[in-house]
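Positions are given from 1 along the sequence. One-based numbering, in listed order, for ligands and for the atoms of each.
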Amino acid sequence: MQIPFVNLTRQNNELEESLVNIFREIISTKSYIGGPYLDEFESSFSNIVGKRHVVGCSNGTTALFLALDSLGICEGDEVITTSHTFAATAEAILHVRAVPVLIDICANDYNIDVNKIEASITPKTKAIIPVHIYGTVCNMPEIQKIAKKHNLVVIEDAAQAHMAELKEGYAGTFGDAAAFSFYPGKNLGAMGDAGAVVFKKEEHATLARKLANHGRSDKYLHDIPGYNFRMDDIQAAILNLKLKKLKEWTENRRKIAAIYDNHLKPKGFKVINPDKGNKPCYHLYVVEVSNRNEVVSYLKNKGIVTGIHYPVPIHKQPAFSNVSSYKELPVTDNIVERIVSLPVCGNINQEEAKYVADCFLEIAKI
Ligand SMILES: *Cc1c(COP(=O)(O)O)cnc(C)c1O
């Protein structure tokens, strides 16, 4: 059996006819940037983020940047986030000239440890970026409480968390803003780069939209110096098509994750263990092992491709170690040596998941 880590071929084959029709439509409508397909996408995507104001943009990194910039985070401000994330979270903070303040995660769900936030707040702290890592929503009610008490902005990094939910709502509906990525391998993926930033308040969305489009208020009038962070219409049209499948694909990921859980947990393996009422969208299925190199190569020989998300945390990256602020991060430092991601992408089936779990158990050590 051959099981790729992310099986986009299967997903795209299923949609091939409709995808080809999108290309035909774009050729005939000549709608390349910021046209009706983007309008349609922004309005349908708002349905899974509590009807918030959605601004389509070029990728998840520019979505984070637009959130920070539109909410007024700037030079010298401190932004609290986790070290256990993808580089883009820290990059976006640095691009508004703010300082990433990295704190530790909880061992159960790998998300920001809310009990460590207040100790990291200084007079310079302006924002918190909780990263819903692997598609498990952070403890947002607690984060909102802390943010309110200290007058901080909250920006959700929801790049891995499309349709992940707490009983209080979907990822992206808690912060002042949230950033989503539609990188091809994300739960909702374009056929190229794309992203969206969603805001609680319309005024911030208006500013972000302007910043993403050269600071324009009109075709030939530029109010502020902006950027070109727009989403292509062809990507928006592809996302419109795939968004209709997102619920089904998310349910499939949850089914596959449940199969892994049922095989691995009784044998004592530490897997993502969300709080009660928390429903991850399983962008990644992560398990801890003590013999990772062995596991990865054994599974590779069995035709199974795995990943590591992420082997080097932000505070140990050459790009960020000197420009971020952090103290001890014992949970992060421990788990980055142990984590391995098993294939869970969209259209993997139950038989394949059982094969992966069986092969994993033949080699993995706690
Ligand atoms: C993918 C990702 C991003 C960045 O998204 P891009 O679309 O690749 O720019 C940001 N944060 C996290 C946690 C991600 O996984």
For Thr85, atoms of ligand 1 separated by under 4.0 Å from a heavy atom: 13 (C)
Is Lys51 paired with Glu202 through a side-chain N to carboxylate O contact shorter than 4.0 Å? no
Would you check if the distance from the ring center of Tyr326 to the ring center of His315 is below 6.0 Å? yes
Please find out if less than 6.0 Å separates the ring center of His162 from that of Phe182. yes
For ligand 1, which atoms, with element, lie under 4.0 Å from some heavy atom of Val131? 13 (C)
When distances are taken from atom 9 (O) of ligand 1, the protein heavy atom at minimum range is Thr61 OG1, 2.5 Å
Any N or O on Gln160 sitting closer than 3.5 Å to an N or O of ligand 1? yes
Is the shortest side-chain N to carboxylate O distance from Lys327 to Asp104 below 4.0 Å? no
If you count the atoms of ligand 1 from 1 in the order shown, which ones are under 4.0 Å from a heavy atom of Ala88? 3 (C), 4 (C), 10 (C)
Glu288/Arg338 salt bridge by N-O under 4.0 Å criterion: yes
Should Lys242 and Glu14 count as an ion pair when the cut-off is N to O under 4.0 Å? no
Basic-acidic side-chain contact under 4.0 Å: Glu251, Arg254: yes
Could you grab the distance from atom SG of Cys57 to atom CZ of Phe65, nearest 0.5 Å is fine? 11.5 Å
Mark the output for Asp193 as yes if a heavy-atom distance to ligand 1 is under 4.0 Å, and as no if none is. no
Ignoring hydrogens, just give me the one of Ala194, Pro184, Ser181, Ala179 whose non-hydrogen atom is nearest atom 7 (O) of ligand 1. Ser181
For atom 14 (C) of ligand 1, which of His132, Lys186, Glu91 has the closest heavy atom? Lys186
Quick one: does ligand 1 sit under 4.0 Å from the side chain of Asn59, the backbone, both or neither, non-hydrogen atoms only? both
Tell me: protein heavy atom nearest atom 11 (N) of ligand 1, and distance? Asp157 OD2, 2.8 Å
Can you check whether Gly60 has an N/O within less than 3.5 Å of an N/O in ligand 1? yes
